[in-house]
Amino acid sequence: MIELLHSLAVFKDLSHRQHVVLAKYAVIEEIPAGEILISDGVCFDRLSLILSGKVGYYRQERGEAESLVMESYQSYFVGIFGLLFKRSPGVKARVLEPVKMLSLQFEHIAFFEKNEPAIALALYKNISMLCAETILRVINK
C-alpha cells in the first residue's frame, strides 16, 4: 500500500511517515462493471480515487430515459459531493468498466483534517484541481 501511495500524484508531496499513516486507513476496492456506486438521493460514504476503470454519472428527468452526464476514469475521485456538501449530487454513478479504487471513509478524512492536515490538504488540493478541470471541460464543449 505504501508503495502505491508513493506512486500517486495526489500524494507525491507527502512524507514517508504521512504515507504510513495514510496506509492505515486507505482501502483498495475492486468493483465489477454494472455495479451502482451512487443511487440518486443516496450519499456516498467515502472518497475514492479511481486507479483503473471507468465510472459513468447518469441523470434521469421525469418520464425521460437516463442520460450520461459525465465519465470519470483514472486519477478522478468518486464521492466529492458527499465529502464537500454532505448530500447526493442528484445523479446515479454506475461502473462502466471494472474499477480499482483507493478509498477513504469520510470519517478518516475528518481525522486527517484535525491530526494530519498535510494529508487532508493534499486531498483537497487535488479535488480543487479536478473540479476546475471539469468546469473547463464543460465550458469548452
Side-chain angles (χ1 to χ4, degrees), residues 1-113 115-141:
M1 175 66 79
I2 293 171
E3 194 173 303
L4 171 64
L5 294 171
H6 278 290
S7 72
L8 296 173
V10 63
F11 301 122
K12 72 177 178 349
D13 294 332
L14 296 181
S15 69
H16 178 74
R17 184 196 66 76
Q18 291 163 331
H19 285 130
V20 170
V21 171
L22 185 57
K24 292 178 186 177
Y25 299 95
V27 174
I28 298 292
E29 297 182 276
E30 294 187 27
I31 303 170
E35 191 86 14
I36 303 295
L37 294 178
I38 301 172
S39 297
D40 189 10
V42 177
C43 191
F44 208 47
D45 63 350
R46 61 197 175 278
L47 182 67
S48 298
L49 177 65
I50 298 174
L51 302 173
S52 64
K54 192 184 318 182
V55 174
Y57 297 89
Y58 296 84
R59 186 163 188 97
Q60 185 172 14
E61 299 298 329
R62 287 186 203 175
E64 294 185 24
E66 271 186 351
S67 61
L68 180 65
V69 178
M70 188 180 115
E71 293 179 350
S72 290
Y73 36 85
Q74 187 174 359
S75 299
Y76 277 73
F77 284 102
V78 176
I80 293 173
F81 238 80
L83 176 65
L84 298 178
F85 302 112
K86 310 295 186 245
R87 64 183 175 88
S88 166
V91 296
K92 180 186 290 182
R94 180 182 302 121
V95 177
L96 299 176
E97 296 173 3
V99 291
K100 185 174 182 180
M101 302 188 299
L102 176 79
S103 297
L104 292 164
Q105 296 291 318
F106 291 160
E107 64 193 57
H108 297 144
I109 296 171
F111 168 82
F112 296 144
E113 289 171 0
N115 301 294
E116 292 287 345
I119 295 172
L121 181 62
L123 287 168
Y124 287 122
K125 179 181 174 185
N126 198 271
I127 288 168
S128 298
M129 289 173 23
L130 288 173
C131 289
E133 287 174 12
T134 301
I135 290 168
L136 285 174
R137 268 195 299 171
V138 170
I139 289 172
N140 292 326
K141 272 191 172 182

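Hydrogens, waters and symmetry mates play no part in the numbers below; they use all other heavy atoms, side chains included.
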**Q** Kindly assign one of parallel, tilted or perpendicular to the pair Y25 and F112, based on the angle between their ring planes and the thresholds 30° and 60°.
**A** perpendicular
**Q** Within the 4.5 Å heavy-atom criterion, are I31 and K100 side-chain neighbours or not?
**A** no
**Q** With side chain to side chain contact (heavy atoms under 4.5 Å, CB included) as the criterion, how do Y124 and L84 come out once you've worked through the C-alpha distance, each side chain's angles and the decisive distance to 0.1 Å?
**A** CA-CA 10 Å; Y124 287 122; L84 298 178; 3.7 Å; yes
**Q** For residues A23 and I2, report the shortest heavy-atom separation together with the two atoms involved.
**A**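 Of all heavy-atom pairs spanning A23 and I2, the closest is CB-CG1, 3.8 Å.
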**Q** Kindly compute the distance separating CZ (F111) from CD (Q105), expressed to the nearest 0.5 Å.
**A**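 With rounding to 0.5 Å, CZ (F111) is 14.5 Å from CD (Q105).
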**Q** Quick one, H6 and H16 - any side-chain contact, counting heavy atoms below 4.5 Å?
**A** yes
**Q** Once you round to the nearest 0.5 Å, how far does CZ of R17 lie from CG of L22?
**A**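 The distance works out to 11.0 Å.
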**Q** Identify the two heavy atoms, one from M1 and one from I28, that lie closest to each other, and give their separation to 0.1 Å.
**A**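 Smallest heavy-atom distance, with atoms named: CE-CG1, 3.8 Å.
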**Q** Check whether any side-chain heavy atom of S128 sits under 4.5 Å from a side-chain heavy atom of K125, and report yes or no.
**A**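 Not in contact.
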**Q** What's the shortest heavy-atom distance between N115 and P117, and which atoms?
**A**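 Where N115 meets P117 most closely, the heavy atoms are C-CD, 3.5 Å.
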**Q** Can you see which heavy atom on L130 is nearest to which on S75, and at what distance?
**A**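 Looking at all heavy atoms of both residues, the shortest contact is CD1-O, 3.6 Å.
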**Q** Between the side chains of R94 and E71, is the shortest nitrogen-to-carboxylate-oxygen separation below 4.0 Å, so that they form an ion pair?
**A**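 No salt bridge links E71 with R94.
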**Q** Please round to the nearest 0.5 Å and tell me the distance separating atom OG of S7 and atom CG of L51.
**A**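 These two atoms lie 8.0 Å from each other.
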**Q** For Y58 and V91, what are the C-alpha separation, side-chain angles and deciding distance, and is it a side chain to side chain contact (heavy atoms under 4.5 Å, CB included)?
**A** CA-CA 5 Å; Y58 296 84; V91 296; over 6 Å; no
**Q** Going through the distances and angles, do Y57 and S72 end up as a side chain to side chain contact (heavy atoms under 4.5 Å, CB included)?
**A** CA-CA 8 Å; Y57 297 89; S72 290; 3.1 Å; yes
**Q** Do R46 and F106 form a cation-pi contact, if we require the NZ or CZ to be under 6.0 Å from the six-membered ring centre and within 45 degrees of the ring's axis?
**A**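 So R46 doesn't make the cation-pi contact.
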**Q** Judged by atom type as modelled, is there a donor-acceptor pair below 3.5 Å linking the side chain of Q18 to the main-chain atoms of S15?
**A** yes
**Q** Checking Y73 against E97 for the side chain to side chain donor-acceptor pair (under 3.5 Å) test, could you report, in this order, the C-alpha distance in whole Å, the side-chain angles of both residues, the deciding distance, and whether it holds?
**A** CA-CA 9 Å; Y73 36 85; E97 296 173 3; over 6 Å; no
**Q** Considering non-hydrogen atoms only, spot the tightest contact between F11 and L5 and give its length.
**A**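 Closest approach of F11 to L5: CB-O, 3.7 Å.
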**Q** If you look at every heavy atom in L14 and A122, which pair is closest and at what distance?
**A**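 Heavy atoms of L14 and A122 come nearest at CD2-CB, 4.3 Å.
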**Q** Test F77 against L83 for side chain to side chain contact (heavy atoms under 4.5 Å, CB included), laying out the working first.
**A** CA-CA 11 Å; F77 284 102; L83 176 65; over 6 Å; no
**Q** Salt-bridged, E64 to R59, with N to O below 4.0 Å?
**A**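 Salt bridge between E64 and R59, a charged N being under 4.0 Å from a carboxylate O: no.
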**Q** To the nearest 0.5 Å, what is the distance between NE2 on H19 and CD1 on I119?
**A**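 Taking NE2 in H19 and CD1 in I119, the distance rounds to 8.5 Å.
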**Q** Would you give the length of the straight line joining atom CG of L47 to atom CD1 of I109, rounded to the nearest 0.5 angstrom?
**A**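 L47 atom CG to I109 atom CD1 measures 4.5 Å (nearest 0.5 Å).
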**Q** Does any non-hydrogen side-chain atom of K92 lie less than 4.5 Å from one of I36?
**A** yes
**Q** I'd like to know if the side chain of S103 pairs up with that of E29 as donor and acceptor (distance under 3.5 Å, no hydrogens or angles considered).
**A** yes
**Q** Between atom CG of L104 and atom CG of D45, what is the distance when rounded to the nearest 0.5 Å?
**A** 11.5 Å
